[in-house]
Amino acid sequence: MAHPALKTVLNLFFKPECPLCGRPAETEFCRYCQTQLLRCQFPEGGEFPGDVPVFVWGRYGGALKRAIAALKYDGNPQIARQLGCWLADGWLGTQETLPKNLTVVPIPLHPDKLKKRGFNQAELLARGFCELTGLSLKPHGLERVRDTEALHGLSSAERQKNLQNALRVGKDRPPRPNSVLILDDIYTTGATVNAALRAFKTHRIPVAGVVALATTNTPPPRQRSRPKSH
Ligand SMILES: [Zn+2]
């Protein structure tokens, strides 16, 4: 088996097989897996109310969970672009007008983790997202000052406490008067997002919302009613 770093490089140039099932694939995923992935999308849009609106594309499970694992742990950074485009397409569907003056900032990895993985999956998703939306991207708008990866198993309150000062605004800050759209791969307790909100608040940088690819949470039903089809 190829070294993960070598596999990462090879996968940037060759896409002979689907990273989820090994079948031949003409695009990032084979047709079977693409169908499975699109079934993970929340049909009514995954909007979560809160201090800032949170939009999540799909349910973290099945093919989408496998795709995120393939991206993060199995050296397949090339699939982030397609996933980022789907996220953008879903999010645009929830916007009344095409938003302007928004800068996308991905949640960063700790430098040690970045070195080990070779890429930040949230940044790659953000590139796909910005390609479709035309929004500007600041990959280093935030930086992680604490490694918080070892937080699995902690309670929500403990995670929150550990994460509070884990992020700070980086040198690559969004230009005024732009607001920030925070982007992450998985949205769970909101602890990471809260740490990001806190960091931006310290610098009086407005945050317009959060977008994420997947969540285990169930979105509340949409407010706007749609005519029923017969
Ligand atoms: Zn496949």
Side-chain angles (χ1 to χ4, degrees), residues 1-48 54-94 104 106-109 113-135 137 139 149 152 181-188 192 210-219:
M1 192 180 161
H3 184 274
L6 175 64
K7 205 175 159 212
T8 300
V9 172
L10 290 174
N11 279 336
L12 284 172
F13 300 101
F14 305 105
K15 297 164 189 166
E17 41 181 59
C18 174
L20 302 194
C21 70
R23 288 185 181 92
E26 285 174 22
T27 57
E28 280 82 357
F29 304 102
C30 73
R31 291 170 73 172
Y32 171 80
C33 289
Q34 173 147 331
T35 305
Q36 296 296 315
L37 278 163
L38 290 171
R39 281 187 188 151
C40 296
Q41 182 178 10
F42 292 126
E44 293 290 309
E47 292 171 277
F48 295 83
V54 176
F55 172 83
V56 188
W57 183 79
R59 183 180 58 84
Y60 183 68
L64 187 54
K65 187 175 177 179
R66 287 202 304 280
I68 292 172
L71 163 64
K72 287 164 78 169
Y73 308 119
D74 204 18
N76 289 289
Q78 80 283 358
I79 66 177
R81 182 170 166 266
Q82 177 66 74
L83 297 171
C85 284
W86 284 338
L87 173 57
D89 190 49
W91 177 74
L92 285 172
T94 66
V104 177
I107 295 290
L109 293 180
K113 177 69 71 181
L114 181 63
K115 203 172 169 186
K116 202 170 155 195
R117 188 169 295 163
F119 58 86
N120 173 10
Q121 71 280 355
E123 179 184 336
L124 298 186
L125 290 169
R127 290 191 183 283
F129 186 90
C130 289
E131 204 176 296
L132 199 78
T133 57
L135 296 176
L137 172 67
E149 279 288 310
H152 298 288
L181 188 63
I182 298 168
L183 189 148
D184 206 357
D185 54 346
I186 302 168
Y187 178 76
T188 49
T192 308
V210 177
V211 290
L213 185 63
T215 186
T216 50
N217 306 341
T218 304

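In listed order, ligands and their atoms are each counted from 1.
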Which atom names give the shortest non-hydrogen contact between G45 and F55, and what distance separates them?
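Heavy-atom minimum between the residues: CA-CE1, 4.1 Å.
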If you look at every heavy atom in I79 and P19, which pair is closest and at what distance?
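I79 and P19 have their closest heavy atoms at CG2-CG, 3.6 Å.
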Answer yes or no: is there a side-chain heavy-atom contact under 4.5 Å between V211 and L181?
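Answer yes - side chains close enough.
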Identify whether the distance between the nearest side-chain nitrogen and carboxylate oxygen of R127 and E123 falls below 4.0 Å.
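Here R127 pairs with E123 in a salt bridge, since their nearest N and O are under 4.0 Å apart.
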Euclidean distance, L71 CG relative to F119 CZ, rounded to 0.5 Å
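It is 5.0 Å, given to the nearest 0.5 Å.
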Mind checking whether F29 and W86 have parallel, tilted or perpendicular rings, split at 30° and 60°?
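If you compare the ring of F29 with that of W86, the planes turn out parallel.
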Give the total of protein N/O/S atoms at a distance below 2.8 Å from the Zn ion (ligand 1).
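My tally for this metal is 4.
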